[in-house]
Amino acid sequence: MNVRKVLSTIGSAAAALLIGQASAQELVIWHDLGDNGVKWFQAAGAEFAKTRPGVTVKSVSFPTEQWFGRAISSINTDTAPDLIYNNYERVIRVADQTNKLMDLRPVLASVSDKAFLSEDDLRVATHGNKMIILPVQRVQMALGVRKSWLDKVGEKFPATWADVQRVAVKFRDADPDGNGRADTFGMALQAAKPRDLIHMLDLFMFGSGLRHTVIDPQGKIVIDEPARAKVLEEVLKAYTEYRYMSPDTINHSFPEMYQIIEGGRAGMFRVGDWNVRKWDGPTVLKGDFLVGPWPAFDGRKNSVVIGGMRGVAVPENSPNKALAVEFAKFLLGKPAQQASLDNVGSGVRKDLDLAALSERQRYFATANYSLVAYDFPEAIHAFYPELEAAYHRKLLTALAKPPANWKAFITETANEMRALVTKLSAKK
């Protein structure tokens, strides 16, 4: 036996083992996208590993409030994951409470294939003097309407607010599901928390061709500007005297709203691009819904709303920071974007294969309609969350006990919010 050869072989094997161990790395990313998000990151990680042998990507999905707490505390205690992923406004909260997210502007500058990102995408990704996320998925929200119900009551997809009003009454009163019971509602909305109610107003406001719901970038309260006041009044009446919704809607947040929608009791509702995969499936709405722009008011062009932008952020104390940055950039590439579209229902690239998508998924993916982006006032005015909370409290009083004169109520509310802005601005 050639001992030298044996020892050489053993040495080579040991070296190979050590090299393999050194090259094996696990990137951990935290998100709140549930099972679909886990599937997406598995697929993206497998594609990433083709050019980074030995690298695996482990994604962990938390309920949103848990995600907040874990992301903030882990970054502040130097136990951060490699990357975090969520809606832009949620990442803002992490950025503000940690001040430990990377500025990704140099990272984006190093990406050559990025022409598909719009000015709105890049604006939304920036908070203060930092780009805190790379924008990876647009969050599009359209009006959804039950198709079989439209057929039953002899209506088409509503294009204007007058259409919505007429259809909502029929959906409420004409037994559109044919079960012989008066258990359907014209629409499903929500109101319990500030983001619940103001988010609904945002959709109708921006979707009807108006920008800014409460305050503009210059700090001017716009609530009582005539065109906005009209949309506000009509939507508040939908909650109250028009009786288009469940009488419990004042207490509904996202889970309760989804129970009404997925329980088949609402004729019109918000559809996010992330909802379609589940609602096309065999257990919920079974594809029995159409999607389209929000209703038009006063002849203005109506739109689908970009209500957010999901993106990836890298903590400054990411355990594998350089590799995390490479994976963040990879999420803008075609393989990861295709996996995003297939599993979550959205992306930002325009060159993806749409063949496997349903009619409603393809509607969002092609975006052949007017599309307007939410303005993210919290990114401009540091005091906005306090302002929104106060505005919500004022509106809830009106939903609980509708005023005799809505126009006077809106004027009064706008003046109260102006006084509050002055006070909050002085504090800052």
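FYI, side chains are in, hydrogens and waters are out, and symmetry mates aren't considered; it's all heavy atoms of this structure.
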For side chain to side chain contact (heavy atoms under 4.5 Å, CB included), just list the numbers for F171 and T184, CA-CA rounded to whole Å, side-chain angles, deciding distance to a tenth of an Å, and then say yes or no. CA-CA 7 Å; F171 282 175; T184 57; 5.6 Å; no
Could you please spell out the steps behind the salt bridge (charged side-chain N to carboxylate O under 4.0 Å, His left out) verdict for K237 and E233? CA-CA 6 Å; K237 285 181 177 178; E233 179 177 346; 2.9 Å; yes
Between [Y] and [X], is there a side-chain donor-acceptor contact under 3.5 Å, judged purely by atom types and distance?
{"X": "H212", "Y": "R228", "result": "no"}
{"X": "E378", "Y": "Y88", "result": "no"}
{"X": "Y85", "Y": "Q137", "result": "yes"}
{"X": "D202", "Y": "T213", "result": "yes"}
{"X": "N275", "Y": "Y258", "result": "yes"}
{"X": "D273", "Y": "Q140", "result": "no"}
{"X": "T98", "Y": "N76", "result": "no"}

Smallest separation among heavy atoms of [X] and [Y], with atom names:
{"X": "L104", "Y": "L134", "result": "CD1-N, 3.6 Å"}
{"X": "A313", "Y": "V91", "result": "CB-CG1, 4.0 Å"}
{"X": "V145", "Y": "P158", "result": "CG2-CD, 3.9 Å"}
{"X": "A44", "Y": "A336", "result": "CB-CB, 4.2 Å"}
{"X": "A324", "Y": "S318", "result": "CB-OG, 3.7 Å"}
{"X": "N343", "Y": "R277", "result": "O-CD, 3.6 Å"}

Measure the shortest side-chain to side-chain distance between [X] and [Y] over non-hydrogen atoms and say whether it is less than 4.5 angstrom.
{"X": "S74", "Y": "W30", "result": "yes"}
{"X": "I215", "Y": "V222", "result": "no"}
{"X": "L387", "Y": "M417", "result": "yes"}
{"X": "H252", "Y": "D196", "result": "no"}
{"X": "L232", "Y": "L201", "result": "yes"}
{"X": "M131", "Y": "P106", "result": "no"}
{"X": "M268", "Y": "V167", "result": "yes"}

If a pair satisfies side chain to side chain donor-acceptor pair (under 3.5 Å) and one of its residues is in residues 34-49, list it, with sequence neighbours excluded.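 Found E47-K50.
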Contacts under 3.5 angstrom, residues 289-302 side chains, donor-acceptor by atom type, not counting sequence neighbours:
{"unit_1": "W294", "atom_1": "NE1", "unit_2": "M141", "atom_2": "O", "d": "3.0"}
{"unit_1": "D298", "atom_1": "OD1", "unit_2": "K230", "atom_2": "NZ", "d": "2.6"}
{"unit_1": "R300", "atom_1": "NE", "unit_2": "S208", "atom_2": "O", "d": "2.9"}
{"unit_1": "R300", "atom_1": "NH2", "unit_2": "S208", "atom_2": "OG", "d": "3.4"}
{"unit_1": "N302", "atom_1": "ND2", "unit_2": "A159", "atom_2": "O", "d": "3.3"}
{"unit_1": "N302", "atom_1": "ND2", "unit_2": "W294", "atom_2": "O", "d": "2.8"}

Evaluate the side-chain hydrogen bond (donor to acceptor under 3.5 Å, both in side chains) criterion for residues R195 and H392: first the C-alpha distance (whole Å), next the side-chain angles of each, then the deciding distance (0.1 Å), finally the verdict. CA-CA 8 Å; R195 262 295 79 197; H392 175 254; over 6 Å; no
Spacing of [atom1] belonging to [X] relative to [atom2] belonging to [Y], to within rounding of 0.5 Å:
{"X": "L197", "Y": "K193", "atom1": "CG", "atom2": "NZ", "value": "13.5 Å"}
{"X": "Y391", "Y": "I223", "atom1": "OH", "atom2": "CD1", "value": "4.0 Å"}
{"X": "L101", "Y": "N317", "atom1": "CG", "atom2": "CG", "value": "9.0 Å"}
{"X": "N320", "Y": "D82", "atom1": "CG", "atom2": "CG", "value": "4.5 Å"}
{"X": "L395", "Y": "M200", "atom1": "CG", "atom2": "CE", "value": "14.0 Å"}

Just checking, R211 and F206: is the charged tip under 6.0 Å from the six-membered ring centre and within 45° of the axis?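 No cation-pi geometry.
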Test: D32 and R90 ion pair at under 4.0 Å: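 Salt bridge present between D32 and R90.
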Taking K220 first and then E225, would you say they form a salt bridge - that is, a charged N and a carboxylate O separated by under 4.0 Å?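 A salt bridge is absent here (no side-chain N lies under 4.0 Å from a carboxylate O).
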With side-chain contact (heavy atoms from CB on, under 4.5 Å) as the test, pick out the partner of F364 among L341, V271, L357.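 In the set L341, V271, L357, the residue that makes a side-chain contact (heavy atoms from CB on, under 4.5 Å) with F364 is V271.
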ring-ring contact (aromatic ring centres under 6.0 Å, His included) assessment of F269 paired with W279: CA-CA 12 Å; F269 40 86; W279 294 353; 5.8 Å; yes
Given side chain to side chain contact (heavy atoms under 4.5 Å, CB included), test V348 with Q337 step by step and report yes or no. CA-CA 7 Å; V348 286; Q337 285 281 299; 3.3 Å; yes
M309 vs N87, side chain to side chain contact (heavy atoms under 4.5 Å, CB included): CA-CA, chis, key distance, verdict: CA-CA 6 Å; M309 175 65 71; N87 289 16; over 6 Å; no
Would F376 and I92 count as a side chain to side chain contact (heavy atoms under 4.5 Å, CB included) if you check the C-alpha gap in whole Å, the side-chain angles of each, and the deciding distance to 0.1 Å? CA-CA 11 Å; F376 295 99; I92 285 179; 5.7 Å; no
Verify salt bridge (charged side-chain N to carboxylate O under 4.0 Å, His left out) between D288 and R146, making sure each step is shown before the conclusion. CA-CA 6 Å; D288 179 24; R146 294 296 299 274; 2.9 Å; yes
Output, in order, the C-alpha distance, side-chain angles, deciding distance and verdict of salt bridge (charged side-chain N to carboxylate O under 4.0 Å, His left out) for K329 and E326. CA-CA 5 Å; K329 291 164 60 176; E326 289 303 308; 3.7 Å; yes
For W406, give me all partners under side-chain hydrogen bond (donor to acceptor under 3.5 Å, both in side chains), at least two apart in sequence or on another chain.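 Partners of W406 by the side-chain hydrogen bond (donor to acceptor under 3.5 Å, both in side chains) criterion, ordered by chain and then number, come out as E241.
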Which is it for D224 and T411 under the side-chain hydrogen bond (donor to acceptor under 3.5 Å, both in side chains) test, yes or no, and what are the steps along the way? CA-CA 6 Å; D224 56 348; T411 299; 5.0 Å; no
Show your working on salt bridge (charged side-chain N to carboxylate O under 4.0 Å, His left out) between K423 and E386 and close with a plain yes or no. CA-CA 11 Å; K423 180 179 178 182; E386 292 178 73; over 6 Å; no
With ring-ring contact (aromatic ring centres under 6.0 Å, His included) as the criterion, how do F62 and F68 come out once you've worked through the C-alpha distance, each side chain's angles and the decisive distance to 0.1 Å? CA-CA 9 Å; F62 299 103; F68 275 128; over 10 Å; no
